[in-house]
Amino acid sequence: MDYLPIFADIRNKPVLIVGGGDVAARKIDLLRRAGARVQIAARTLCEELTALENSGEVSWIAKEYQNALLDGVYLVIAATDDGELNARVYHDATERQMLANVVDDQPKCSFIFPSIVDRSPLVVAISSSGTAPVLARLLREKLEALLPANLGQMAELAGQWRTKVKQRLGKMSERRRYWEAAFNGLFASQVASGNIEGAKRTLDQQLDDPDAGEGEIILVGAGPGDPGLLTLRGLQVMQQADVVLYDHLVSDEILDLVRRDADRICVGKRANAHSIPQEETNRMLVSLAKQGKRVVRLKGGDPFIFGRGGEELQAAVEAGIPFQVVPGVTAAAGATAYAGIPLTHRDYAQSATFITGHCRADGEGLDWASLAVSRQTLAIYMGTMKAGEISSQLIAHGRDAQTPVAVIGRGTRQDQQVLTGTLEELEALAQRAPTPALLVVGEVVHLHQQLAWFQHSAQQAGRESAVVNLA
């Protein structure tokens with residue numbers, strides 16, 4: 001280990017910066033965030049530092065560096081483009097056994113700045129000991145994406161409860177189990193959703209009965225298939241799940257991101273195949289949550305768009321189970337974007353309508369007259385089996401039989417296929433498309449050949465095949 005990683009308390013302590021340019025300003029920003037009293041020695045100040053000096057937030061104490069400026073200083077940073085001056089600052093500080101940093105000159109540093117992930121009061125510091133700072137920054141970027149923004153708030157609340165927990169739980173092992181349950185359970189979810197008062201109550205309840213952990217249900221939209229479209233929040237929740245109930249629409253690549261030791265239960269529904277009734281899925285969600293488990297309900301696309309997510313959460317409400325929702329990219333947005341088909345366009349469509357081709361038998365039918373109006377885009381979920389009826393109804397109610405259509409099979413996935421044609425050909429296209437498939441009706445489909453970007457060569461081959469077989 002080339003450097004001892006420490007966190008220094010520099011609140012209200014004087015720190016000298018030699019230099020007044022943009023590099024110095026970046027270092028000063030960090031120092032001010034840590035509460036240091038910043039003193040500057042520089043001939044001129046950049047615009048940012050001038051503003052800080054005018055407002056009294058930093059002190060410009062000298063235009064020329066003299067070693068006497070080091071008197072009473074906690075540490076010093078040299079950030080000039082004058083190599084000789086930087087070396088002199090380092091030499092003077094070393095003679096006084098004072099910590100010094102010369103920016104971008106690692107041999108002349110008795111301390112270095114790490115890359116920082118700031119979730120104050122939780123701070124993660126990453127260093128390559130000055131050998132590969134770009135690598136350290138890349139690692140920081142990955143951690144920034146993985147670590148929730150509310151970690152600092154969790155740490156702050158934990159600090160407020162620390163004394164109380166220590167008084168109530170005498171053994172270190174008991175306290176460790178208490179905090180592990182809190183940081184991996186309902187308390188963490190409540191902080192993430194902004195329910196701070198609820199989070200405080202949960203800490204107290206778990207303190208009264210550490211073994212009575214309360215479960216929760218988290219509804220997560222997995223997106224249309226490409227794991228790159230999964231939200232960061234969705235990934236974080238999946239990594240913390242005790243059990244995951246998932247649909248057939250959730251891709252294998254996304255399932256691979258679930259925590260390895262989480263139980264996985266498929267509750268998907270497929271046409272003409274055995275499927276679990278919705279009522280049984282609701283019962284399982286409630287039962288597992290009542291066992292104190294963090295239950296993730298993973299659904300393709302967005303759970304609130306033709307995903308029955310609302311029905312499942314109504315069951316949670318009736319059972320008194322805490323819940324939260326993580327939205328996902330719905331198929332109409334994701335699949336059409338990957339196919340190069342804008343849902344709206346000033347020249348072709350001023351509105352977009354999402355409908356399902358699979359309605360309840362006892363429900364009201366679709367308003368075909370409204371759906372048949374031109375210059376609008378129809379995105380039809382679960383419509384392949386009724387594509388013929390959809391086509392005939394739209395044509396019968398006034399939509400031009402030559403209206404462009406697209407059937408996007410397995411949208412956003414590596415084997416995505418896009419078949420295009422006209423409204424009167426919709427049924428034939430739907431029969432040939434791989435599932436799951438989205439039907440798109442509207443003039444915006446014209447833009448597919450121009451804007452298709454995802455696996456363009458494969459899509460082109462699919463279009464040519466469709467034309468040959470339908471001619």
Side-chain angles (χ1 to χ4, degrees), residues 1-49 52 58-147:
M1 188 164 61
D2 297 326
Y3 289 84
L4 176 66
I6 60 174
F7 289 86
D9 181 3
I10 61 173
R11 286 173 294 182
N12 296 317
K13 293 183 172 65
V15 175
L16 178 65
I17 304 291
V18 181
D22 293 335
V23 175
R26 289 197 296 270
K27 299 302 181 186
I28 288 172
D29 178 61
L30 284 174
L31 295 170
R32 291 179 57 244
R33 285 160 58 185
R37 287 193 289 114
V38 177
Q39 301 174 350
I40 304 174
R43 293 180 181 176
T44 59
L45 300 183
C46 67
E47 183 177 342
E48 180 180 349
L49 294 182
L52 292 175
V58 299
S59 299
W60 188 11
I61 61 173
K63 292 192 174 183
E64 298 290 340
Y65 167 76
Q66 301 293 333
N67 60 12
L69 296 176
L70 297 177
D71 292 342
V73 170
Y74 194 70
L75 56 84
V76 61
I77 299 168
T80 77
D81 54 7
D82 185 335
E84 291 185 5
L85 175 57
N86 289 343
R88 183 154 64 94
V89 172
Y90 175 72
H91 176 268
D92 292 345
T94 301
E95 280 197 334
R96 295 170 180 244
Q97 296 187 344
M98 177 185 294
L99 292 175
N101 175 279
V102 176
V103 177
D104 289 336
D105 193 349
Q106 186 261 341
K108 294 185 179 64
C109 293
S110 51
F111 79 93
I112 57 178
F113 284 94
S115 290
I116 295 172
V117 179
D118 188 1
R119 301 289 188 272
S120 294
L122 185 68
V123 178
V124 180
I126 308 146
S127 172
S128 64
S129 299
T131 60
V134 172
L135 179 60
R137 285 199 297 270
L138 290 174
L139 180 56
R140 185 206 70 198
E141 291 170 5
K142 293 181 183 295
L143 291 175
E144 286 278 10
L146 291 174
L147 298 179

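The residues of the chain are indexed from 1 along the displayed sequence. Computation of the quantities below employed the complete heavy-atom set of this structure, encompassing side-chain atoms and omitting hydrogens, waters and symmetry-equivalent molecules. In this text, all values refer to a predicted model and were calculated from it rather than measured experimentally.
The side chain to side chain contact (heavy atoms under 4.5 Å, CB included) search around R43 returns E64, not counting sequence neighbours. Taking the side chain to side chain donor-acceptor pair (under 3.5 Å) definition, one finds that R119 meets it with E144, sequence neighbours left out. S120 meets the side chain to side chain donor-acceptor pair (under 3.5 Å) test with D118; sequence neighbours excluded. In this structure L99 satisfies the side chain to side chain contact (heavy atoms under 4.5 Å, CB included) test together with L75, S110, F111, sequence neighbours excluded.
At least one side-chain heavy atom of M98 sits under 4.5 Å from a side-chain heavy atom of V76. In this structure, the side chains of P107 and D105 come closer than 4.5 Å at one or more pairs of heavy atoms. Side-chain atoms of S128 and P133, non-hydrogen and from C-beta on, do get closer than 4.5 Å to each other. Using a 4.5 Å heavy-atom threshold, the side chains of R32 and L52 count as touching. Inter-residue side-chain proximity for I126 and L143 is flagged as met; some heavy-atom pair is nearer than 4.5 Å.
For the atom pair CG (L70) and CD (E95), the distance works out to 10.5 Å, reported to the nearest 0.5 Å. Interatomic distance, I10 CD1 to L31 CG, rounded to the nearest 0.5 Å: 5.0 Å.
Here the shortest heavy-atom pairing between R11 and A34 reads CG-O, 3.4 Å. For C109 against V102, the heavy-atom pair with the smallest separation is SG-O, 3.2 Å. For the residue pair F113 and I77, the shortest heavy atom distance occurs at CZ-CD1, 3.4 Å. Nearest heavy atom pair, residue G130 against residue Q106, reads CA-CG, 4.0 Å. The shortest heavy-atom contact between N101 and I112 is ND2-CA, 3.6 Å.
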Check the pair S59, V38 against side-chain contact (heavy atoms from CB on, under 4.5 Å), reporting the backbone distance first and the verdict last. CA-CA 6 Å; S59 299; V38 177; over 6 Å; no
Quick one: do V58 and Q39 satisfy side-chain contact (heavy atoms from CB on, under 4.5 Å)? Show the steps, please. CA-CA 6 Å; V58 299; Q39 301 174 350; over 6 Å; no
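With hydrogens and angles left out, the side-chain atoms of D92 and Y65 include a donor and acceptor closer than 3.5 Å.
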Show which side-chain atoms of residues 15-27 pair as donor or acceptor with protein atoms under 3.5 Å away, not counting sequence neighbours.
none

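One N or O on the side chain of W60 and one on the backbone of A42 form a donor-acceptor pair closer than 3.5 Å. Of the possible polar contacts, one joining the R37 side chain to the N12 backbone as a donor-acceptor pair under 3.5 Å is found.
Residue V117 is tested with L139, V124, L146, L122 for a side-chain contact (heavy atoms from CB on, under 4.5 Å); the sole match is V124.
Listed by first then second residue, pairs satisfying side-chain hydrogen bond (donor to acceptor under 3.5 Å, both in side chains) with a partner in residues 67-88 read D71-R96, T80-N86, not counting sequence neighbours.
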